[in-house]
Asks: 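Let me give you the structure first, and then I'll get to my questions.
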Amino acid sequence: MLVYGRNVAKEILRNKSNIIKTIYLQDGFDDREILSLIDKNGFSYKNLNKNDMERLANGVHQGIIFSVSDYKYESLDDLKDDYNFIVILDHIEDPHNFGAIVRTCEAAGANAIIVPKNREALVNSTSFKTSAGTILNSHIILVSNISNAIEVLKKKGFWIYASSMDGEDYSKVDYSSKCALIIGNEGRGISPLIRKRSDFIISIPMKGDINSLNASVAAGILIYGVVRNRG
């Protein structure tokens, strides 16, 4: 997998340098901090001209591209007993939204993120860059079926909170117990079956003409709503 961008490069070099296969730098690359980290970790690199870098990367690379090992997802068996806040993504399709949500989860201290195998944006170059490399520090659990995953969580004592436009004001809900927060698809929202399996339906109050928010923005509000409620 190729990842790129200076923030991502710094995160990898500081914390996960063991996943690096090859480093490509654009001719004239002069970020002293990154060059120092490359040297400190004992890596060599390949210089490429601007055109070759742009052919290699599918986005803004900022002069640096890493070839890294594929991301290793976790399974439900990896859930730890002390986990008490999990975010579930119900078929988020935009990798930018996925990466932004992962970044928010990491910043807010969510223990894990559960995602379905199919019809879901997963870890790729775009989501990696959007997450600013925080994907590396996140526990992302890949499942075949969200509904089955919810049943596993319920058996472990989790209450399930699904976000939708017609639910209770999220700020007035108690999240003090083990909490799994579901963020729905950008267009369709939460699927009917997942909604049926949820314990609470929560909403962000809307006061303007627009009746919905970008998925990653809504996720950020709701995630920190849980954090704030818990003190």
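Bear in mind that the values here come from a model prediction, so they are computed numbers and not experimental data.
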Asks: Quick one: which residue pairs count as a ring-ring contact (aromatic ring centres under 6.0 Å, His included) with a foot in residues 40-89, not counting sequence neighbours?
Replies: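 Listed once each, the pairs are Tyr71-Tyr73.
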
Asks: Report yes if the side chains of Arg6 and Ile64 come closer than 4.5 Å at any heavy-atom pair, otherwise no.
Replies: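 Yes. Closest side-chain heavy atoms under 4.5 Å.
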
Asks: Side-chain heavy atoms under 4.5 angstrom apart, residues restricted to Ile, Leu, Val, Met, Phe, Trp, Tyr: same cluster for Met165 and Ile223?
Replies: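 Looking at the clustering, Ile223 is in a separate group from Met165.
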
Asks: What I want to check is whether the side chains of Arg230 and Ser176 have a donor and an acceptor closer together than 3.5 Å.
Replies: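 Short answer, no.
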
Asks: What are the two closest non-hydrogen atoms of Ser198 and Ile194, and how far apart are they?
Replies: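 Looking at all heavy atoms of both residues, the closest pair is OG-O, 2.8 Å.
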
Asks: Which residue pairs pass the ring-ring contact (aromatic ring centres under 6.0 Å, His included) test when at least one of the two sits in residues 160-185, sequence neighbours left out?
Replies: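 Passing the test, one end in residues 160-185: Tyr161-Tyr175, Tyr161-Phe200.
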
Asks: Main chain of Thr126, side chain of Thr130: is a donor-acceptor contact present, judged purely on distance under 3.5 Å?
Replies: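 Looks like yes, one N/O pair under 3.5 Å.
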
Asks: Among all residues two or more places apart in sequence or in another chain, which pass the side chain to side chain contact (heavy atoms under 4.5 Å, CB included) test with Glu106?
Replies: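 Glu106 satisfies side chain to side chain contact (heavy atoms under 4.5 Å, CB included) with Thr134, Asn137, Ser138 only.
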
Asks: Can you tell me how far CD1 of Ile23 sits from CG of Leu35, rounded to the nearest 0.5 angstrom?
Replies: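 Answer rounded to 0.5 Å: 9.5 Å.
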
Asks: For Arg14, which residues count as a salt bridge (charged side-chain N to carboxylate O under 4.0 Å, His left out) partner, sequence neighbours excluded?
Replies: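 For Arg14 the salt bridge (charged side-chain N to carboxylate O under 4.0 Å, His left out) partners, ignoring immediate neighbours, are Glu33.
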
Asks: With clusters defined by side-chain heavy atoms of hydrophobic residues (ILVMFWY) lying less than 4.5 Å apart, directly or transitively, does Leu142 cluster with Ile92?
Replies: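 Same cluster.
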
Asks: Sequence neighbours left out, what pairs pass salt bridge (charged side-chain N to carboxylate O under 4.0 Å, His left out) with at least one residue falling in residues 39-64?
Replies: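 Non-adjacent pairs meeting salt bridge (charged side-chain N to carboxylate O under 4.0 Å, His left out): Asp52-Arg55.
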
Asks: Quick check against the 3.5 Å criterion: does Glu11 have a side-chain atom that pairs as donor or acceptor with the backbone of Gly133?
Replies: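 Not a single qualifying donor-acceptor pair exists.
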
Asks: What's in the same ILVMFWY side-chain cluster as Val60, cut-off under 4.5 Å, chained through other members?
Replies: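 Noted: Val60 shares its cluster with no other residue.
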
Asks: Can you run down the salt bridge (charged side-chain N to carboxylate O under 4.0 Å, His left out) pairs that involve residues 179-192, sequence neighbours left out, and say none if there aren't any?
Replies: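 Checked against salt bridge (charged side-chain N to carboxylate O under 4.0 Å, His left out) - neighbours excluded - the pairs reaching residues 179-192 are Glu93-Arg188.
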
Asks: For Asn214, check side chain to side chain contact (heavy atoms under 4.5 Å, CB included) against everything at least two apart and list the hits.
Replies: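 Result, side chain to side chain contact (heavy atoms under 4.5 Å, CB included) vs Asn214: Asn97, Ser216, Val217.
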
Asks: Enumerate the salt bridge (charged side-chain N to carboxylate O under 4.0 Å, His left out) contacts for residues 63-92, please, sequence neighbours excluded, ordered by first and then second residue.
Replies: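 Salt bridge (charged side-chain N to carboxylate O under 4.0 Å, His left out) check on residues 63-92 returns no pairs.
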
Asks: Do any pairs count as a salt bridge (charged side-chain N to carboxylate O under 4.0 Å, His left out) and have a residue in residues 145-161, sequence neighbours left out, and if so which ones?
Replies: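 Listed once each, the pairs are Glu151-Arg197, Lys154-Asp199.
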
Asks: Within this structure, what is the CD1-CG distance for the pair Ile101 and Asp94, rounded to the nearest 0.5 Å?
Replies: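 Interatomic distance, Ile101 CD1 to Asp94 CG, rounded to 0.5 Å: 9.5 Å.
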
Asks: Could you tell me whether a side-chain N or O of Thr22 sits under 3.5 Å from a main-chain N or O of Ser67, the two making a donor and an acceptor?
Replies: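 It does not hold such a pair.
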
Asks: Working to the nearest 0.5 angstrom, can you tell me the gap between Ile150 CD1 and Ile114 CD1?
Replies: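 With rounding to 0.5 Å, CD1 (Ile150) is 8.5 Å from CD1 (Ile114).
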
Asks: Measure the spacing between CG of Asp166 and CD1 of Ile202 and express it to the nearest 0.5 Å.
Replies: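 Asp166 CG to Ile202 CD1: 12.0 Å, rounded to 0.5 Å.
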
Asks: Under the side chain to side chain contact (heavy atoms under 4.5 Å, CB included) test, which residues partner Asn7, sequence neighbours left out?
Replies: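 Partners of Asn7 under the side chain to side chain contact (heavy atoms under 4.5 Å, CB included) test: none.
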
Asks: Honestly curious: do Leu222 and Phe98 fall in one hydrophobic cluster under the side-chain, below-4.5 Å linking rule?
Replies: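 Shared cluster, yes.
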
Asks: Is there a donor-acceptor pair under 3.5 Å between the side chain of Asn111 and the backbone N or O of Asn84?
Replies: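 Here the side-chain-to-backbone pair exists.
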
Asks: Using the side chain to side chain contact (heavy atoms under 4.5 Å, CB included) criterion, which residues pair with Ala180? Sequence neighbours excluded.
Replies: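 Side chain to side chain contact (heavy atoms under 4.5 Å, CB included) list for Ala180, sorted by chain: Ile88, Leu153, Phe158, Ile160.
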
Asks: With no hydrogens and no angle check, is any side-chain donor or acceptor of Ser203 less than 3.5 Å from a backbone partner on Gly167?
Replies: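 It does hold such a pair.
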
Asks: Check the hydrophobic clustering (I, L, V, M, F, W, Y; side-chain heavy atoms under 4.5 Å; chains of links allowed) and say if Ile65 and Val123 are grouped together.
Replies: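 No, Ile65 does not connect to Val123 through the hydrophobic network.
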
Asks: What verdict does the side-chain contact (heavy atoms from CB on, under 4.5 Å) test give for Val3 and Lys129, after you've listed the backbone C-alpha separation in whole Å, the side-chain angles of each residue and the deciding distance to 0.1 Å?
Replies: CA-CA 7 Å; Val3 298; Lys129 189 173 190 296; over 6 Å; no

Asks: Between the side chains of Arg119 and Asn185, is a donor N or O closer than 3.5 angstrom to an acceptor N or O?
Replies: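 Short answer, no.
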
